[in-house]
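In what follows, a single structure is set out as structure tokens and then discussed.
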Amino acid sequence: MIVPFILYNLVIAGLAGFSGGDPWSSQILSVTMLSGGVWRMDLGESLILAGLVFMFFEILKSTRTSNASVIDHLLSTFVFVAFLVEFLVVSGAATSVFFLLMVMAAVDLMAGFSVSIRSAGRDVSIG
């Protein structure tokens with residue numbers, strides 16, 4: 001989840017080539033469907049899509065039971081706290097795109113802990 005966080009901050013800092021207005025409403029893809037309707041994807045929607053993909057892999061990583069999983073949980077906690085602080089303090093982060101990314105970071109954090117606790121309970125053997 002750190003990748004969407006960094007990408008978001010690059011865009012609001014003006015380092016990604018988007019300037020003026022709302023960069024998240026910039027259309028990046030447009031496809032005409034068989035029905036004649038036009039499906040379009042904005043920059044903000046593509047960042048949310050990227051966040052969902054990264055969250056999927058984060059949840060897959062949380063199924064491991066090793067010493068590295070503790071570090072992963074700690075890093076996930078730091079990422080969520082960074083999202084929360086930036087959402088509350090930085091005016092450029094007061095968007096729905098950033099809020100949804102922050103919610104995904106929270107779900108990643110909770111799912112990671114839940115999956116680890118469930119799988120750790122299965123690893124305990126008495127004997």
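Values below: all heavy atoms of this structure, side chains included; hydrogens, waters and symmetry mates excluded. In this chain, residues are counted from 1 in sequence order.
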Side-chain polar contacts of residues 8-15 - donor-acceptor pairs under 3.5 angstrom, sequence neighbours left out - could you list them?
| unit_1 | atom_1 | unit_2 | atom_2 | d |
| --- | --- | --- | --- | --- |
| Tyr8 | OH | Gly92 | O | 2.7 |
| Tyr8 | OH | Thr95 | OG1 | 2.8 |
| Asn9 | ND2 | Phe5 | O | 2.9 |
| Asn9 | ND2 | Glu86 | OE1 | 3.2 |

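- Leu74 and Phe113 fall into different hydrophobic clusters, where Ile, Leu, Val, Met, Phe, Trp and Tyr residues are linked whenever their side-chain heavy atoms come under 4.5 Å apart, directly or through other members.
- Interatomic distance, OG of Ser114 versus CG of Leu109, reported as 9.0 Å (0.5 Å rounding).
- Among residues two or more places apart in sequence or in another chain, the ring pair (Phe, Tyr, Trp, His ring centres under 6.0 Å) test is passed with Phe78 by none.
- Residues Leu75 and Phe80 do not share a hydrophobic cluster, clusters being chains of Ile/Leu/Val/Met/Phe/Trp/Tyr side chains in contact below 4.5 Å.
- Taking both residues in full, the closest heavy atoms of Pro4 and Met1 are given as CD-O, 3.3 Å, listed atom of the first, atom of the second, then distance.
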Could you pull out all donor-acceptor pairs under 3.5 Å where a side-chain atom in residues 40-60 meets a protein atom, sequence neighbours excluded?
| unit_1 | atom_1 | unit_2 | atom_2 | d |
| --- | --- | --- | --- | --- |
| Arg40 | NE | Asp42 | OD1 | 3.2 |
| Arg40 | NH2 | Asp42 | OD1 | 2.6 |
| Arg40 | NH2 | Asp42 | OD2 | 3.4 |
| Glu45 | OE1 | Asp42 | N | 2.9 |
| Ser46 | OG | Leu43 | O | 2.7 |

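- Hydrophobic clustering (side-chain heavy atoms under 4.5 Å, transitive across Ile, Leu, Val, Met, Phe, Trp, Tyr) groups Val89 together with Val81.
- Contact annotation: the side chain of Val103 never approaches that of Phe83 to less than 4.5 Å [non-hydrogen atoms, C-beta and beyond].
- At a threshold of 4.5 Å between side-chain heavy atoms, the hydrophobic network of Ile, Leu, Val, Met, Phe, Trp and Tyr places Met110 and Ile71 in two separate groups.
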